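Reading through the structure tokens given below for one structure.
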Amino acid sequence: MSEIAPKHIVEALLFAAGEPLEERVIQAHLGEGAMAREVLLELQRDYAGRGVRIERQERAWAVRTAPEVAPHLKRVLRPTRRLSRPALETLAIIAYQQPVTRAEIEAVRGVTVAQGTLDLLIETGWVAPHGRRDAPGRPITWITTPAFLDEFGLSSLGDLPRLEELEAAGLFNGAGER
Amino acid sequence: MSEIAPKHIVEALLFAAGEPLEERVIQAHLGEGAMAREVLLELQRDYAGRGVRIERQERAWAVRTAPEVAPHLKRVLRPTRRLSRPALETLAIIAYQQPVTRAEIEAVRGVTVAQGTLDLLIETGWVAPHGRRDAPGRPITWITTPAFLDEFGLSSLGDLPRLEELEAAGLFNGAGER
Amino acid sequence: MSLAADFVVDLEVFEGPLDLLLDLARGQKIDLRQVSVLALADQYLAYLQDARERRIEVAAEYLVMAAWLAYLKSQLLLPPAERDEPDAEAVAAELGARLRRLEAIRRAAAWLEERPRLGVARLVREVPEPADVDVEPRYVARLHDLLAAYGRAARRRQPGQITLPSRRLMTVDTAMDRLSRLLTGHDWRDLAGFVPNGLEDGVERRAALAASLLASLELARTGVLDLQQAAPFGPIMVRRKT
């Protein structure tokens with residue numbers, strides 16, 4: 001193993017840590033070969049004026065977005081939120097059986113679909129209304145959008161495996177237990 | 001607000017995103033003022049040989065710590081997910097022969113693909129369905145994803161060693177050569 | 001390391017006949033392109049023979065391969081003019097190509113395993129920076145979760161209707177048991193008729209037929225039944241010995 005510069009070890013450490021790292025932890029990683037404080041100050045100078053910078057908080061250090069750049073990132077880096085299980089199931093049924101009415105979704109799920117679930121799916125931009133079914137009450141049908149395909153990396157709805165293919169792939173038993 | 005250099009915006013974006021960002025997203029963010037590709041390549045050169053590096057993964061870019069620094073980072077963030085031999089071989093077949101059907105995977109290995117193997121590979125996000133084969137039964141085909149490239153540190157599928165080279169005699173018990 | 005070299009019969013370690021063949025070919029310690037299919041067939045048959053002598057249950061798929069190798073070997077040994085299979089050499093070459101392809105995939109898998117993996121050799125930032133509260137969150141979902149959700153919903157709708165496909169290939173022991181029980185009376189009956197109904201899968205059907213054939217040979221050898229085949233590829237007739 002070739003010699004790695006202490007500065008590069010600290011750079012990788014701060015990047016990977018996410019949370020601020022105490023200086024003594026950084027020193028422990030460097031061993032006796034280098035002074036953490038000196039390395040950190042040098043790194044801080046290196047990053048001055050750039051998109052990210054090295055911040056000192058009391059006895060800890062961290063990499064942070066430079067404050068003057070932060071407003072520029074808002075549009076891209078939005079916090080993420082995971083879909084609830086009922087929402088995911090409703091989305092899956094729409095994807096597979098579209099165009100599908102709310103009553104039909106409920107028949108598959110065996111429980112009622114809350115209006116809030118459909119509203120949420122519309123908000124994601126993955127689901128949209130699609131005409132009315134020629135049936136009593138003329139209920140609205142639902143379909144998925146191109147944004148849905150985009151989100152899940154599918155090139156078409158035909159990419160969705162059939163039930164027997166899901167079964168053969170093992171997606172019926174304890175998904176995610178490994 | 002003073003003018004921020006495109007390079008610093010991209011640097012901050014990649015650091016803050018964590019996950020790989022598609023080049024078109026970065027370009028959209030920069031607007032017409034700068035070419036994302038040029039900025040990214042310059043940034044990649046800036047970081048060459050340092051503790052973190054800018055990785056290109058086909059159409060996406062990400063910051064990752066440099067592999068040579070890893071032995072110095074005791075805070076390994078997750079244990080290695082050791083894949084079983086069948087799972088690894090199935091993954092390799094998909095990587096090389098994509099898009100590939102389940103039957104084609106089985107033909108190479110001479111055994112059925114166990115339930116759960118594909119489930120595991122989909123669950124990791126490395127493998128996804130992709131269209132159907134124009135053959136009896138119209139079976140679904142499988143491909144590798146951008147997350148596969150990220151996981152194995154590949155900038156594209158072209159980084160995989162050529163199968164013909166792996167088949168070459170020199171690799172077999174060290175006997176003979178091309 | 002070649003397990004076959006030690007000639008320890010342990011079919012458990014092999015993933016099917018192709019895997020066993022590859023291990024035997026490795027044992028020849030030569031260029032895979034020059035592997036002798038004749039020698040390989042002999043080794044394979046000897047290996048299985050040894051397994052059976054040790055009363056190790058051999059899955060039907062291994063026996064199907066054994067039957068095929070024995071046939072291929074017989075064809076390779078005949079002068080070309082007398083062969084049923086004029087392209088025996090091509091068939092043998094095809095087997096070699098399959099073994100090389102499997103070996104290449106093994107190497108590719110090993111290569112992947114050595115890559116600097118995410119979270120092991122290459123680290124990601126652990127926690128994204130706290131985002132501003134005034135930014136609308138973006139919903140995310142994984143493909144796997146979507147597919148699993150549909151699987152769950154579909155299973156709930158059809159309780160008990162989903163049968164997991166099991167590919168239990170018939171063993172020779174099972175076939176012998178079946179044949180001994182079902183073959184009554186003393187008239188000639190078609191062996192193919194003893195393959196269980198409902199095996200739609202081509203592999204399962206062929207495996208059951210192969211197992212039944214081997215079982216009938218064994219039962220004929222021990223004097224339980226008579227065998228007869230009027231013409232090559234004609235129906236194989238069996239009857240209980242009088």
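Just so it is clear: chains get the letters A, B, ... in the order the sequence lines come, proteins before strands, and each one is counted from 1. When reading the values below, keep in mind they use all heavy atoms of this one structure, side chains included, and skip hydrogens, waters and symmetry mates. Remember, it's a predicted structure, so these values are computed and weren't measured experimentally.
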Would a 4.5 Å heavy-atom cut-off, applied to side chains only, mark [X] and [Y] as touching?
X: A:Glu123; Y: C:Tyr139; result: yes
X: C:Leu147; Y: A:Leu160; result: yes
X: C:Leu143; Y: A:Leu154; result: yes
X: C:Asp145; Y: A:Phe152; result: no

- Message: Is it the case that atom CD in A:Glu58 sees more than 12 heavy atoms from other parts of the structure closer than 6.0 Å?
- Response: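 At most 12 heavy atoms, drawn from other residues, nucleotides or ligands, come within 6.0 Å of this atom.
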- For A:Arg24, does the CZ atom sit with more than 12 other heavy atoms under 6.0 Å from it, leaving out its own atoms? no
- Message: Show, in sequence, the C-alpha distance, side-chain angles and deciding distance for A:Thr124 and C:Arg138, and conclude whether the side chain to side chain contact (heavy atoms under 4.5 Å, CB included) test is met.
- Response: CA-CA 8 Å; A:Thr124 60; C:Arg138 177 169 61 93; over 6 Å; no
- Task: Identify the heavy atoms of C:His144 and A:Leu171 that sit nearest to each other, and give their distance.
- Result: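 Of all heavy-atom pairs spanning C:His144 and A:Leu171, the closest is NE2-CD2, 3.3 Å.
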- Task: Measure across C:Val124 and A:Phe15 and return the closest heavy-atom pair with its distance rounded to 0.1 Å.
- Result: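 Heavy atoms of C:Val124 and A:Phe15 come nearest at C-CE2, 4.1 Å.
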- Message: At under 4.5 Å between heavy atoms, what parts of residues 84-97 of chain A are in contact with chain C? List them by residue number.
- Response: A:Arg85, A:Leu88, A:Glu89, A:Leu91, A:Ala92, A:Ile93, A:Tyr96, A:Gln97
- Task: Pull out the residues in residues 103-121 of chain A that come under 4.5 Å of chain C, heavy atom to heavy atom, sorted by number.
- Result: A:Val108, A:Arg109, A:Leu120
